[in-house]
Amino acid sequence: MGRCPACNQWNTFVEEVVVKTPAARHPSAGPAKPVLLHDIDSAGEYRIVTPDAELNRVLGGGLVPGSLVLIGGEPGIGKSTLLLQLALHFKDVQVLYVSGEESGQQIKMRADRLKNNSIATGHIHVFTETQTQGILKAARELNPGLLIIDSIQTLYSDLLDSAAGSIAQVRQSTAELMRFAKETATPVFIIGHITKDGTLAGPKVLEHMVDTVLQFEGDQHLAYRILRTTKNRFGSTSELGIYEMRSSGLREVSNPSEILISQKDGPVSGTTIAATLEGNRPLLIEVQSLVSPASYGTPQRSTTGFDHKRLNMLLAVLEKRCGYRMGMHDVFVNLAGGIKVEDPALDLSLCVSLVSSLEELPVSEKICFAAEVGLGGELRAVNRMEQRIAEAEKLGFETLYVSRFSLKNIDHKKITIRLKAFGKLTEVFADLFGSL
Ligand code: TYD
Ligand code: MG
């Protein structure tokens with residue numbers, strides 16, 4: 001350009017070559033040449049077993065050294081509590097707990113609340129810093145056995161100008177933490193907030209960068225919290241950890257079925273028990289429905305913990321295939337404990353509970369159900385029947401209603417529970433309620 005558009009002078013431009021620095025290689029990349037898969041050493045399956053059994057379960061058996069684990073969840077669900085509690089119980093390693101959200105005093109107060117007297121805190125280092133380079137410098141000096149970052153949205157990297165919490169910053173800081181984790185084989189936990197609609201810059205962009213993504217969820221007003229694996233490079237993604245939030249912190253719930261079935265005096269209409277499976281974990285869940293005549297024009301359908309569309313489908317099946325006039329009624333469905341379940345085996349239990357409420361006919365508390373319902377009103381088989389049977393037996397149920405296609409491969413000699421197998425919904429209703 002001959003003339004400068006800013007100062008209107010001629011020939012004042014000087015050429016300057018911008019040298020492009022090669023992009024940093026991905027931290028997990030090995031030698032820069034292809035090698036035979038055959039020649040790569042399998043780094044023996046080494047896991048750090050944490051003091052939290054539920055966490056070990058969702059991680060696939062423990063923490064992998066050098067792994068980067070993201071814990072996502074809505075604000076206030078208990079992410080900081082979960083990780084501080086983990087740090088407190090992790091006595092044999094040095095823990096660096098970095099917080100950009102709370103002051104040292106706040107963390108101290110929370111720690112006092114969480115620990116019972118026997119726990120010493122000499123192994124936890126608290127660092128209230130938000131600059132990524134500063135954090136990594138401290139981490140390299142301290143060389144901790146576990147690094148916790150609360151939260152990724154508060155970090156900023158000096159290498160970028162944008163504000164903390166922006167997508168670019170979050171991504172940059174994560175990349176730097178990733179490099180640290182891989183180079184030093186330190187396991188790193190990062191906390192990430194998501195909003196109700198999951199749109200905030202943050203965890204979504206990170207999911208492909210980190211090794212493991214855990215989702216901490218639950219209803220803030222209810223005590224139960226679920227830790228779910230949504231991505232895991234070192235294990236299965238169908239694992240589930242359950243906690244109860246108490247005034248003294250999170251309690252691991254090792255036997256969830258017992259809490260998901262409420263205590264009551266005698267059977268109530270509209271209440272049934274479903275033998276479901278979340279991940280690899282059998283859960284017996286109480287399904288409650290209330291079907292009552294609609295007083296105004298359009299009937300209402302409302303659900304907690306169950307898919308709304310699936311409910312509509314099941315209502316249509318009950319109407320069309322079984323002749324129940326659900327279209328004239330308001331329908332409310334509730335799964336106990338505020339837990340969200342996607343297992344199709346819940347279908348039969350829900351259908352029975354709907355009809356039980358509609359007809360005011362209670363179902364015995366000694367019965368539970370496990371079958372998927374198809375559009376034709378037929379009962380379909382569900383997977384891992386043995387596990388469901390074992391859980392139902394453990395909790396003292398006497399009868400389990402299943403699809404007749406579920407009976408294949410079942411060793412009847414080992415089973416003490418009574419299995420009732422049917423092909424159609426109508427047959428189940430006839431068996432339970434007699435001919436209506
Ligand atoms: P917190 O861990 O701060 O949530 P997050 O880091 O996900 O934003 O926990 C928030 C809630 O947990 C808070 O509302 C109070 C409750 N809580 C308890 O019920 N018991 C406890 O012992 C602690 C520490 C917190
Ligand atoms: Mg927090």
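Counting starts at 1 for both ligands and their atoms, following the listed order. Please read these numbers as outputs of a predicted model, since none were measured by experiment.
In this structure, the protein non-hydrogen atom closest to atom 4 (O) of ligand 1 is G78 N, 3.1 Å. For atom 9 (O) of ligand 1, the closest non-hydrogen atom of the protein is T81 OG1, 3.4 Å. Remark: minimum distance from atom 17 (N) of ligand 1 to any protein heavy atom is reached at M245 SD, 3.7 Å. The nearest protein atom to atom 14 (O) of ligand 1, hydrogens excluded, is given as G76 O, 4.3 Å; this is a heavy-atom distance.
Among the backbone and side-chain atoms of S80, an N/O/S atom is found under 2.8 Å from the Mg ion (ligand 2).
Under the 30°/60° scheme for interplanar angles, the aromatic rings of Y324 and F429 are found to stand perpendicular.
For ligand 1, the atoms closer than 4.0 angstrom to any heavy atom of S248 are 22 (O). Each of the atoms 8 (O) of ligand 1 lies under 4.0 Å from some heavy atom of P75. Numbered from 1 in the order shown, with element, the atoms of ligand 1 that lie under 4.0 Å from a heavy atom of L114 read 22 (O), 24 (C). Within ligand 1, the atoms closer than 4.0 Å to a non-hydrogen atom of S247 are 20 (N), 21 (C), 22 (O), numbered from 1 in the order shown. Near R246, the atoms of ligand 1 lying under 4.0 angstrom from a non-hydrogen atom of the residue are 18 (C), 19 (O), 20 (N), 21 (C), 22 (O).
Side-chain N or O atoms of H89 include none that pairs as donor or acceptor with a backbone N or O of L84 at under 3.5 Å.
For atom 21 (C) of ligand 1, the nearest protein heavy atom lies closer than 4.0 Å. Less than 4.0 angstrom separates atom 11 (C) of ligand 1 from at least one non-hydrogen atom of the protein.
Between F127 and Y97, the ring center distance fails the sub-6.0 Å criterion.
E101 does not count as a contact of ligand 1, since none of its heavy atoms falls under 4.0 Å from the ligand.
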